[in-house]
Amino acid sequence: MLDIQFIRDNPEKVKQASANKKDPADIDALLELDGKRRNIIYEVEQLKSLRNKKSQEIGTLKKEKKDVSVILAEMKSVSDTIKRFDSELKTVEEDIRAHAIKIPNISHGSVPHGVSEEDNVVVYEWGDRPGFDFEPRDHMQLGESLGIFDFTRGAKISGAGFPLYKGYGALLERALLTFFLDTHTTKNGYTEIFPPFLANEQSHFGTGQLPKSGDQMYYINEDSMYCIPTAEVPVTNIHQDEILAHEQLPVQYCAYSACFRREAGSYGKDTKGFLRVHQFNKVEMVKFAIPETSYDELESLRGNAEGILQALKLPYRVLELCDADLSFAAAKCYDLEVWAPGEKKYLEVSSCSNFESFQARRMNIRYKPADGGKPRFVHTLNGSGVATARILVALLETYQTAGGTVRIPEVLQPYMHGMTEIRP
RNA sequence: GGAGGACUAGCAUAAUUGGUAAUGCAGCGGUCUUGAAAACCGCCGUCCUUUGGACUUGGGGGUUCGAGUCCCUCGUCCUCCGCCA
């Protein structure tokens, strides 16, 4: 959510920014409602002022045992008028909110302008793509021959897109997640969180999943809860309605969670194996920072995610998203894509974003500045560090051998009981 | 699932039969001081058309001229009972 004062002062800028994001907002309608709201407030406050004054008088007169019936009748009518104005005001404010919550965040000045994802800019590349003296298999062929996951039985239990890991596959998945968490907690200064996997409507609204992406989430009607699509939701909402002390910023959390996505509308796209599933595992990093340093924090967040890929020695590239491809709540975002030799394409395994005060305003997360001034909204950031399903794909395909085995990267071996290779 | 209790500003605590939210601590600014402490003054939740006014006692609604206080409803926490991995 943007600051209404900012929209009032910069209507053209907001219109342009939302158009750039391919999400044009009706700013004129919003500003008209805003003017209406202020008119009503002026009217009703004058009446309330009168009522307060007269109520005091009534109290005094009653103590003196004087007759108050005339003034009482008069105030009854004033009170009724106030009620009418108040209800009108409430309607207008609901309309304002309905408009305001649909306005996307404004992209940062450094974000490249574009019209589609084609215009995202590759800003960094790391590692050499592996060469093979045989035709590399894809992860489904490898998984089947190694017996480490079972999509058919997963589908029997739940449906398509709910993978089942088995044996060394399950171990490898667990090893990856533990390695991610250990790296972030011991080397990168994050505090580990194990969050709830179901979150209420308010929390999903706070991070911006709602109201726009409700159809992408699993909803439990009985309890009005959503299965989280990312740990970003519960972890960012930890400090909902709080005022943080500036000394404690930046606050850095990392969390494992299962992530649930309906992927409505994407049927027939990336249907193979782990590329697009309804449930996957991810370690998420979340930061709360002061506005002055949030873009430095974004760079370090990106660095933390890259560190994982480098430790696993998986070649990857970093994309800076253009404004048209930027998500609703983000002001700037880097995507990390890892090379999958079997698929012969890059797979997105991390998104690192700065939301500035957009989410904080929706969640009411503020901090007390060092100068002791009024509380200000924090900047929130998050990034995957990283998502396993697709990392697993790249890892299996990159580390496969001509003999059909898969070598275990050195950093994972301690987490795999010292194994160096998965064999059929 | 049932019974009882609680929720007031960053924290902690008040408010007579309903009469319009008091105080302490912490923080910031100022006076004073070589500096600091102490003391004193101001600020210290939101909004509006800001010499002023309105709103704010967990959320929402109701009664009333007027609600922290009375009524309804929802939420959270605590205690006990029941069920349960």
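Here the structure is a predicted model, which is why all the values come from computation and not from measurement. Chain letters run A, B, ... following the sequence lines, proteins first and then strands; every chain starts at 1.
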Student: If the C1' atom of B/U17 is compared with that of B/U13, how far apart are they to the nearest Å?
Tutor: 25 Å

Student: Is any side-chain N or O of A/Glu45 under 3.5 Å from a base N or O of B/G53, one able to act as donor and the other as acceptor?
Tutor: yes

Student: A/Tyr415 and side chain to side chain contact (heavy atoms under 4.5 Å, CB included): which single residue from A/Leu176, A/Leu171, A/Asp182 fits?
Tutor: A/Asp182

Student: From B/C65, B/G53, B/U49, pick the nucleotide closest to the side chain of A/Arg38?
Tutor: B/U49

Student: Please list, chain by chain and in numerical order, all residues satisfying side-chain hydrogen bond (donor to acceptor under 3.5 Å, both in side chains) with A/Arg302, sequence neighbours excluded.
Tutor: A/Glu306

Student: Quick check on B/G19: is either OP1 or OP2 less than 4.0 Å from any side-chain nitrogen or oxygen of A/Thr60?
Tutor: no

Student: By nearest atom, which of the nucleotides B/C48, B/C55, B/U64 is closest to the A/Lys48 side chain?
Tutor: B/C55

Student: Say you pick atom P in B/C44 and the same atom in B/G53; how far apart are they, in whole Å?
Tutor: 15 Å

Student: Atom CG of A/Leu72 to atom P of B/C65: distance rounded to whole Å?
Tutor: 5 Å

Student: Charged N to carboxylate O below 4.0 Å: is that the case for A/Asp86 and A/Lys48?
Tutor: yes

Student: By nearest atom, which of the nucleotides B/G19, B/G66, B/U63 is closest to the A/Lys83 side chain?
Tutor: B/U63

Student: With rounding to whole Å, what would you report as the distance between B/U64 and B/U49 at their C1' atoms?
Tutor: 31 Å

Student: Ring-on-base stacking between A/Tyr42 and B/U49, under 5.5 Å between centres and under 30° between planes: is it there?
Tutor: yes

Student: State whether A/Arg51 places a side-chain N or O below 4.0 Å from either non-bridging phosphate oxygen (OP1 or OP2) of B/U20.
Tutor: no

Student: Distance check, P atoms only: B/A22 and B/C71, in whole angstrom units.
Tutor: 25 Å

Student: Which residue pairs satisfy the side chain to side chain donor-acceptor pair (under 3.5 Å) criterion with at least one member in residues 249-258 of chain A, sequence neighbours excluded?
Tutor: A/His239-A/Tyr253, A/Gln252-A/Lys287, A/Tyr256-A/Asn281

Student: In whole angstrom, what separates A/Gln5's CD from B/C48's C1'?
Tutor: 11 Å

Student: From CD1 of A/Ile82 over to P of B/G53, roughly how many Å is that when rounded to an integer?
Tutor: 16 Å

Student: Would you measure the distance from the P atom in B/U23 across to the matching atom in B/G42 and give it in whole Å?
Tutor: 11 Å

Student: Please report the distance, rounded to the nearest Å, between OH in A/Tyr367 and P in B/C44.
Tutor: 19 Å

Student: Between B/U20 and B/C25, how far apart are the two C1' atoms, rounded to whole Å?
Tutor: 27 Å

Student: B/C65, B/G10, B/C47: which one has an atom nearest the side-chain heavy atoms of A/Ile41?
Tutor: B/C47

Student: Which range-with-range stems can be found for RNA chain B when each stem has 3 or more Watson-Crick or G-U pairs in a row and both distances sit under 3.5 Å?
Tutor: B:1-7 with B:75-81, B:10-12 with B:23-25, B:27-31 with B:39-43, B:45-48 with B:52-55, B:58-62 with B:70-74

Student: Looking at every non-hydrogen atom in both residues, tell me the closest pair between A/Val111 and A/Cys322 and how far apart they are.
Tutor: CG1-C, 3.9 Å

Student: Tell me if the centroids of the rings in A/Phe274 and A/Tyr165 come within less than 6.0 Å of each other.
Tutor: yes

Student: Of the nucleotides B/A54, B/G61, B/C44, which one has an atom closest to the side chain of A/Lys90?
Tutor: B/G61

Student: Using the C1' atom on both, measure B/U56 against B/C47 and round to a whole Å.
Tutor: 10 Å

Student: Taking the P atom in each of B/G59 and B/G75, what is the distance between them to the nearest angstrom?
Tutor: 15 Å

Student: Quick one: is B/C48 close enough that its OP1 or OP2 comes under 4.0 Å of any side-chain N or O from A/Arg8?
Tutor: yes

Student: Just N and O in the side chain of A/Ser49: are any of them under 4.0 Å from OP1 or OP2 of B/A54?
Tutor: yes

Student: Ignoring the backbone of A/Asn52, work out which of B/U64, B/C55, B/U49 is nearest its side chain.
Tutor: B/C55

